[in-house]
Amino acid sequence: MAPTIRSPFRRTLALLASAAIMAQAGVSGIAFAQTTPETAAPGVAAPVPAAPAPTSPAPTAPQQTPPVQTVVPNNGPASVADLAEGLLDAVVNISTSQNVKDDEGVGPAPRAPDGSPFQEFFNDFFNKQQGNRGPNHNVSSLGSGFVIDPAGYIVTNNHVIEGADDIEVNFANGTKLKAKLIGTDTKTDLSVLKVEPKTPLKSVKFGDSSEMRIGDWVMAIGNPFGFGGSVTVGIISGRGRNINAGPYDNFIQTDAAINKGNSGGPLFNMRGEVIGINTAIISPSGGSIGIGFSVPSELASGVVEQLRQYGETRRGWLGVRIQPVTDDIADSLGLDTAKGALVAGVIKGGPVDDGSIKAGDVILKFDGKTVNEMRDLPRVVAESTVGKEVDVVVLRDGKEQTVKVKLGRLEDSDQATTGDAAPDGSQDGVITPDPDENDDMDQPDTGDQTQPVPGAPEPDQHQGQVSPDAAMPKNVLGLSLSLLSPETRKAFGIAESVDGVVVTEVAPGSASAEKGLKPGDVIVEVAQEFMKSPDAVAAKVKSLKQEGRRNAQLMIASANGDLRFVAVPME
């Protein structure tokens, strides 16, 4: 009997449960469209009313349920369509043509093998091609640029228009205008063009690239592969990049796609301001691999303004020769870290030839701007106004001092590019930072570059004051040292203007050899103290060891008087 009685009871329970589930589903379906009562906390379920008795005919009241959180699909970053739409008309395509002689880079026309059945047709074809081209032919190129003034001033890269006989600017609306070159600066690869529009042009303005941070969104617009008005978006990948393109390298690195034809185009921030000028890429194939470089607006805006105003750049000039501060040199000077620019020489007749800055000084700040490394100094000096009086913080004799200097003008000329001597015998040096060489900050003098050391006796004064023992060769720091004499000057070709203690031999494998010292070098100073004899060098090195110094800073003069500083370990 048990199975007979239990089965109907189970079926009854199942039916009741099914009805309850269906009723609940119906109530829940209504709740999705309802608003949560103000008394219920968000995300907290409202109280569920008690279920009515089965015998009651009254309908069940709708049950309050929590609101459903609607999931919005992720459609990516915000659109830049509105921003791009307002900028496209200010970005232009630049096409150039250059008349090139046929014999420049053109070899003889190919010919079919003698006896070939196609020889006559083959030779006729190439002879006809050569005849149609004439004595000269045009070479065309494409680049980008952008309008900075409604009156028709346009900025682009120098390498886009360099050597062009004809420059044409193509606008987004199809208009084409001939352009005139206003000015160009090869050191920053920037040029300014001018067109004559019938109506004011759409223009853009420079922003402040110094405010941009790594990771900020940027947008590039240009003419890649001849496709005008192409927009790409990315971020700033790096700042202050030195790619050895020029003396003032301070590029913004971006992963916004930059390709051939983008050169000279603008890099915008998300406010529509130009914070860079797209100039170079690193790519094995010529296409974008996400490593592009732009001239920052903080550098470009000043250059562009000078080109507009004068048709040339007018850069500040300090008149010093500089070299990097290495870890060894920093240690020998008592600096906690390697920083600043070490003055290796002062240009005769330059702005600081009055003694305000001396060889051996380390320039730490220039006009309020910190000089973290050597290559920072040429850029901040060049960006300064000619004739401006600025404060320069230097490390001298272990102490920081502030000196005032008045800047001269760095004269750019053909000699600056070629390295040929100017009429006065001087040279305009293009700065190419190289830790292995003595670098010219600007306009080095090829004449007497060795500056008199304050308190140092003249050659004819101290020769008679040296004791016989001091004249004997000494071995210090792996160097064989000797007094400068007419014989040693002649043997090593040392100029009369150079004074100090001559190196006659360098021990192989010594610390001095590793630092590049060689016979014929002249030790002018040790730890900023003038050296008049081998004994003086030995005594100074011994004194530095007793003070706990690990390196001895030597001022070294080459045979012709070029100065450099070398820190030699004393271990």
Side-chain angles (χ1 to χ4, degrees), residues 240 242 250 318-346 352 355-381 390-405 431 433-442 451 453-455 476-477 500 511-512 514-517 521 523-531 537 539-557 562-571:
N242 178 17
N250 187 31
L318 191 59
V320 296
R321 301 179 45 182
I322 56 175
Q323 70 177 73
V325 177
T326 63
D327 291 335
D328 288 343
I329 290 177
D331 178 72
S332 67
L333 294 172
L335 285 169
D336 52 351
T337 59
K339 58 184 178 181
L342 178 60
V343 178
V346 176
V352 295
S356 53
I357 293 181
K358 304 176 182 178
D361 288 347
V362 177
I363 298 177
L364 302 175
K365 284 186 178 181
F366 180 88
D367 198 17
K369 300 175 182 177
T370 301
V371 180
N372 293 313
E373 53 184 327
M374 182 192 73
R375 70 186 185 93
D376 292 338
L377 184 61
R379 185 175 64 254
V380 297
V381 172
V390 299
D391 289 335
V392 181
V393 178
V394 300
L395 180 72
R396 182 183 299 168
D397 298 328
K399 299 177 181 179
E400 289 190 11
Q401 301 181 27
T402 300
V403 297
K404 284 190 176 294
V405 300
I431 306 147
D434 185 345
D436 297 325
E437 296 182 2
N438 193 19
D439 299 300
D440 295 340
M441 179 173 169
D442 40 29
Q451 303 300 310
V453 179
V476 182
L477 300 174
S512 296
E514 292 178 357
K515 292 295 181 178
L517 271 71
D521 284 341
I523 299 177
V524 180
E525 291 182 358
V526 177
Q528 297 183 318
E529 184 177 319
F530 177 75
M531 295 291 107
V537 176
K540 188 61 179 178
V541 169
K542 181 179 179 181
S543 173
L544 292 174
K545 288 182 178 180
Q546 292 174 346
E547 293 174 7
R549 298 286 185 91
R550 295 180 299 175
N551 299 281
Q553 180 184 277
L554 312 180
M555 178 193 282
I556 304 296
D562 288 341
L563 297 176
R564 71 184 190 277
F565 285 88
V566 179
V568 180
M570 295 184 294
E571 297 175 358

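These numbers were taken from a predicted model, which means no experiment stands behind them.
- With Q528 contributing its side chain and R396 its backbone, the two residues share no donor-acceptor pair below 3.5 Å.
- Contact detail for A338 and A330: the closest heavy-atom pair is CA-CB, 3.8 Å.
- The structure places CG of L544 at 5.0 Å from CE of M570, a figure rounded to the nearest 0.5 Å.
- Ion pairing between a basic and an acidic side chain is recognised when a charged N comes within 4.0 Å of a carboxylate O; K365 and D376 show no such pairing.
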Quick one: do I363 and V343 satisfy side-chain contact (heavy atoms from CB on, under 4.5 Å)? Show the steps, please. CA-CA 7 Å; I363 298 177; V343 178; 3.9 Å; yes
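- Residues L342 and I322 have side chains not in contact (no heavy-atom distance under 4.5 Å, counting atoms from C-beta outward).
- For the residue pair R375 and P378, the shortest heavy atom distance occurs at O-CD, 3.4 Å.
- Here the options are D328, N551, T326, the test is side-chain hydrogen bond (donor to acceptor under 3.5 Å, both in side chains), and the partner is K515; only D328 passes.
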Intermediate values then yes/no, side-chain contact (heavy atoms from CB on, under 4.5 Å), F366 and L377: CA-CA 8 Å; F366 180 88; L377 184 61; 4.1 Å; yes
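- A344 approaches Q323 most closely through the heavy-atom pair CB-OE1, 3.8 Å.
- Going from atom CD of E525 over to atom NZ of K540 covers 10.5 Å, rounded to the nearest 0.5 Å.
- Note that OG1 of T402 is 6.5 Å distant from CG of D391, once rounded to the nearest 0.5 Å.
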Given K339 and E373, is the salt bridge (Lys or Arg N to Asp or Glu O under 4.0 Å) satisfied, shown in steps? CA-CA 5 Å; K339 58 184 178 181; E373 53 184 327; over 6 Å; no
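- Taken from CD in Q401 to CD1 in I357, the straight-line distance is 11.0 Å, to the nearest 0.5 Å.
- At least one side-chain heavy atom of V325 sits less than 4.5 Å from a side-chain heavy atom of L335.
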Start with the C-alpha distance between D361 and L395, add both sets of side-chain angles, then the distance that settles side-chain contact (heavy atoms from CB on, under 4.5 Å), and finish with yes or no. CA-CA 6 Å; D361 288 347; L395 180 72; over 6 Å; no
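- Interatomic distance, CD of Q553 versus CD1 of I329, reported as 6.0 Å (0.5 Å rounding).
- Between R379 and N250 the shortest side-chain heavy-atom distance falls below 4.5 Å.
- To the nearest 0.5 angstrom, I556 atom CD1 is 5.0 Å from I523 atom CD1.
- Across L517 and L554, no two heavy atoms sit closer than the pair CD2-CD1, 4.2 Å.
- Of the possible donor and acceptor atoms, none in the side chain of S356 sits under 3.5 Å from a partner among the backbone N and O of V403.
- Between K542 and V476 there is no side-chain heavy-atom pair separated by less than 4.5 Å.
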Quick one, V371 with L364, criterion side-chain contact (heavy atoms from CB on, under 4.5 Å). Give me CA distance, side-chain angles, the key distance, then yes/no. CA-CA 5 Å; V371 180; L364 302 175; 5.9 Å; no
